[in-house]
Amino acid sequence: MFEAILLGMGAGLISSFLTGPVFFAMIKTSIEKGFKAGFSLAVGVIISDVVLIGLVLYGSQFLVYQESFDKYVGIIGGLFLFAVGVYYLYSKVSIKYEENAIIKVSKRGYLLKGFLMCILTPSTLMFWIIVSGIISAKLNSLDEKLFCFFIAMATQLTIDGLKSYYSSKLRYRIKEDALKKLNKIAGVIIIAFAIWLIYKTYHQFY
């Protein structure tokens, strides 16, 4: 059981600090909209990971994984990320600097956004397939594997929550002009990642 805890914590740490559009979007959202928005996005990512882990653990018992599945996931995920990047480029920024100001946040919206950004990125599925292979080689029983993945999700959510919390503290020290630049940087990075994803998928399957 101790080995399951160590493996789970390691997987959660790696997953939380993997660079990519989800990582950058979480930091940006926390700065712009506050802790609740950033944490809601993080919860959406966790739900997505749980779905992917479920597919990895149980889906292989009923379905034969085909490499061609990546074709559809890659194209759809690339288009979705491209749309998110364009939104960041042209979205207007408006923040209140009063620390006591109440910010209205659509928690469900950010949760759905985090879920879609994560589940439509093929690299996330591949990451959990690799992790599942390592865990299966180290742990024997299904209970140990499930406990290991639970620890991984708890570790990831804790770290993402801390990232969102401390990022949100910066929002009172940042000006709108700087946040507009951050929006554009986020948009360019996400669009670049989306184009790379679509190109890689097209080059591989067409």
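For clarity, every value in this text was computed on a predicted model and none was experimentally measured.
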Let me confirm one number: the [atom1]-[atom2] distance from [X] to [Y], rounded to the nearest 0.5 Å.
X: Ile27; Y: Leu41; atom1: CD1; atom2: CG; value: 10.5 Å
X: Ile53; Y: Phe149; atom1: CD1; atom2: CZ; value: 5.0 Å
X: Phe35; Y: Ser40; atom1: CZ; atom2: OG; value: 8.5 Å
X: Tyr87; Y: Lys113; atom1: OH; atom2: NZ; value: 7.0 Å
X: Ser15; Y: Leu157; atom1: OG; atom2: CG; value: 11.0 Å
X: Thr124; Y: Ile119; atom1: OG1; atom2: CD1; value: 9.0 Å

Kindly give the heavy-atom pair with the smallest separation between [X] and [Y], and that separation in Å.
X: Val56; Y: Trp128; answer: CG1-O, 4.1 Å
X: Leu89; Y: Ile191; answer: CD1-CD1, 3.4 Å
X: Ser164; Y: Phe39; answer: OG-N, 3.7 Å
X: Gly38; Y: Thr29; answer: N-CG2, 3.9 Å
X: Cys148; Y: Ala4; answer: SG-O, 3.3 Å
X: Ser167; Y: Ile31; answer: O-CG1, 3.3 Å

Are Leu79 and Tyr199 connected in a single hydrophobic cluster, I mean Ile/Leu/Val/Met/Phe/Trp/Tyr linked by side-chain heavy atoms less than 4.5 Å apart?
no
Under the side-chain contact (heavy atoms from CB on, under 4.5 Å) rule, what do Lys33 and Tyr110 come out as? Steps first, then yes or no, please.
CA-CA 10 Å; Lys33 298 297 182 179; Tyr110 285 106; 3.1 Å; yes
My understanding is that only one of Gln156, Met117, Met153 makes a side chain to side chain contact (heavy atoms under 4.5 Å, CB included) with Val45; could you say which?
Gln156
Between Val43 and Phe115, is a side-chain contact (heavy atoms from CB on, under 4.5 Å) present by the stated rule, with each step listed?
CA-CA 8 Å; Val43 172; Phe115 176 84; over 6 Å; no
Verdict with reasoning, Ser30 to Lys163, per side-chain contact (heavy atoms from CB on, under 4.5 Å):
CA-CA 8 Å; Ser30 300; Lys163 287 190 297 188; over 6 Å; no
Give a yes or no answer on whether the side chain of Thr155 reaches the backbone of Ile151 with a donor-acceptor pair at less than 3.5 Å.
yes
